[in-house]
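Scroll down for the structure; my scribbles are underneath it.
When reading the values below, keep in mind they use all heavy atoms of this one structure, side chains included, and skip hydrogens, waters and symmetry mates.
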Amino acid sequence: MRVVLVLFLLALTLVPRPAHALSQDDVTEYSRIVFFGPVARRDEALEALVARGRLDVAPALVLAIRYRGGDPAIMRSLRALTGKPFKNWKDAMLWQEARPDIVPHRSFAAIKVQILTDIDPGFRRFLGDGRAARGRLAVRLEEIVWGGAWADAIPPLDHPKMIDADDADYLNGDDLVFGVAINGDIRAYPLRILGWHEMMNDRIGGVAVALAYCPLCGSGILYETEVEGFEEPFVFGSSGLLYRSNKLMFDRQTESLWHHLTGKPVGGPLYPGKVRLKTRPMAIARWSDWRARHPETRVLALKTGYTRNYASGFVYHDYFASPDLLYPARAEGDEATKTLNPKSHVFGLQTVGAAKAWPLAAFANRSVLNDTFAGKPIVLVGNERGRTVRAYEGGAAAFSQTGDPTVLRSDGQRWTVTEHALVGPAGERRPRLPGRVTYWFAWNNHLNFESDVFKGD
């Protein structure tokens with residue numbers, strides 16, 4: 001009898017289990033075969049994962065399309081599993097972004113980290129191993145993608161050399177600059193140089209700041225880097241990783257990942273936590289306009305210590321000229337925002353519980369716009385061609401433009417437009433609000449949870 005029972009149990013172990021009954025370890029094994037196993041076993045692994053019929057392995061297949069995309073069986077398997085007619089990796093990523101309900105299988109994190117660290121071992125310092133990556137990120141690991149550069153391969157400019165405006169003969173009048181004024185220290189940072197470096201760490205007017213520029217999302221933001229509770233100002237670099245085509249920067253002290261558009265840590269030792277960088281006002285402007293307004297400005301020297309082609313219109317030329325994104329990111333909106341394409345420029349303001357964006361096209365035929373933000377009146381002074389918008393607290397009376405771009409009129413009185421405030425005839429001040437110009441897709445993707453959009457008057 002015992003012999004019969006032993007033979008029966010042995011026979012059960014030899015009978016193949018149906019695919020839908022795969023154990024967790026089986027799913028892990030088959031998922032790893034898709035990436036790292038012998039090619040001869042890849043079809044077997046894909047068939048088993050698809051037959052199991054659960055979407056938790058879809059993120060692994062989406063990842064495999066990018067890094068093992070030479071095998072058409074992977075695309076066919078993802079289509080069969082999801083029922084979606086994906087054409088390529090970008091299609092699959094956009095579908096995945098729209099499905100936050102899909103929780104990846106527990107094997108995914110380790111596979112994703114291994115893939116990235118095979119590209120550059122330096123990525124491990126941001127993501128840890130697979131187990132550490134799960135649960136220590138504010139954004140979905142499956143949506144973090146490699147942006148084509150190694151960790152810290154895009155060199156930041158730390159305390160770069162500045163020169164007088166008269167010595168900046170390399171600049172054309174139409175070149176765009178980031179204009180900054182803090183405590184009387186007035187500076188200009190050309191986008192054609194910052195496009196190669198993306199981060200600048202310095203002190204301006206005695207304030208420790210970082211200028212974070214993401215060419216992919218068309219956004220430059222000036223952050224204060226001294227944070228309460230930390231002895232030294234944060235110093236930032238570019239991680240080489242992206243989230244929805246938005247750069248993830250990192251601080252050198254803790255090697256935490258930070259979201260470029262929000263100024264908050266999204267992974268590493270500082271997450272979760274309450275750390276958030278304060279934003280300082282900054283303007284994009286044509287060099288001729290900034291210099292005319294601030295003849296005493298200093299400007300970034302062309303000699304940065306790096307060999308790059310800093311010619312006007314060179315860096316990211318093809319990307320800026322194209323309506324397409326390099327990396328997948330959704331851009332949605334209601335009927336009133338359908339005139340915005342993903343790379344339309346908008347100016348955005350954000351505060352706790354409120355965010356709002358104004359298309360730069362709203363300034364095509366006017367330079368002053370009176371509106372409300374977070375329940376309070378504001379006034380925006382803009383120039384579409386120069387991609388310039390400055391926002392200020394408003395008041396009971398509306399403002400109107402004059403023939404002088406540095407002067408507004410309200411109730412028959414003249415107000416001076418400065419980098420810090422609107423200044424009235426009796427010295428009264430309406431403080432400037434820190435906003436940023438960015439592409440619509442970036443604003444929509446990362447701030448649409450609380451954002452309104454200007455619909456026109």
Partner of D289 by side-chain contact (heavy atoms from CB on, under 4.5 Å), out of V177, T388, N383
N383
Run S245 and F441 through side-chain contact (heavy atoms from CB on, under 4.5 Å) and show every step you take.
CA-CA 9 Å; S245 205; F441 88 85; 3.7 Å; yes
Ignoring hydrogens and geometry beyond distance, is a side-chain donor-acceptor pair present between R409 and T402 at under 3.5 Å?
no
List for me each residue that meets ring-ring contact (aromatic ring centres under 6.0 Å, His included) alongside F108, sequence neighbours excluded, and say none if there are none.
none
So, for F250 and W258, is the gap between ring centers shorter than 6.0 Å?
no
Please name all residues satisfying salt bridge (charged side-chain N to carboxylate O under 4.0 Å, His left out) with R387, sequence neighbours left out, ordered by chain then number.
none
Nearest non-hydrogen partners of A442 and L261, listed with the distance:
O-CD1, 3.7 Å
Check: W287/N172 side-chain N/O donor and acceptor closer than 3.5 Å:
no
State, to 0.1 Å, how close Y223 and G263 come at their nearest heavy-atom pair, and which atoms those are.
OH-N, 3.1 Å
Taking distance alone, no hydrogens or angles, what donor-acceptor pairs closer than 3.5 Å link side-chain atoms of residues 227-240 to residues at least two apart or in another chain?
{"residue": "S238", "atom": "OG", "partner": "K247", "partner atom": "NZ", "Å": "2.5"}
{"residue": "S239", "atom": "OG", "partner": "L241", "partner atom": "N", "Å": "3.0"}
{"residue": "S239", "atom": "OG", "partner": "L248", "partner atom": "O", "Å": "2.6"}

Note: E97-R330 ion pair, threshold 4.0 Å (strictly below)
no
Which donor-acceptor pairs under 3.5 Å do side chains of residues 162-171 form with protein atoms, sequence neighbours excluded?
{"residue": "D166", "atom": "OD1", "partner": "R291", "partner atom": "NH2", "Å": "2.4"}
{"residue": "Y170", "atom": "OH", "partner": "L300", "partner atom": "O", "Å": "2.5"}

Holding to side-chain contact (heavy atoms from CB on, under 4.5 Å), I want the full list of residues that pass it with V62, two or more places apart in sequence or in another chain.
L78, W89, A92, M93, Q96
Check this for me: does any side-chain nitrogen of one of R385 and D174 sit under 4.0 Å from a carboxylate oxygen of the other?
yes
ring-ring contact (aromatic ring centres under 6.0 Å, His included) partners for Y392, two or more places apart
none
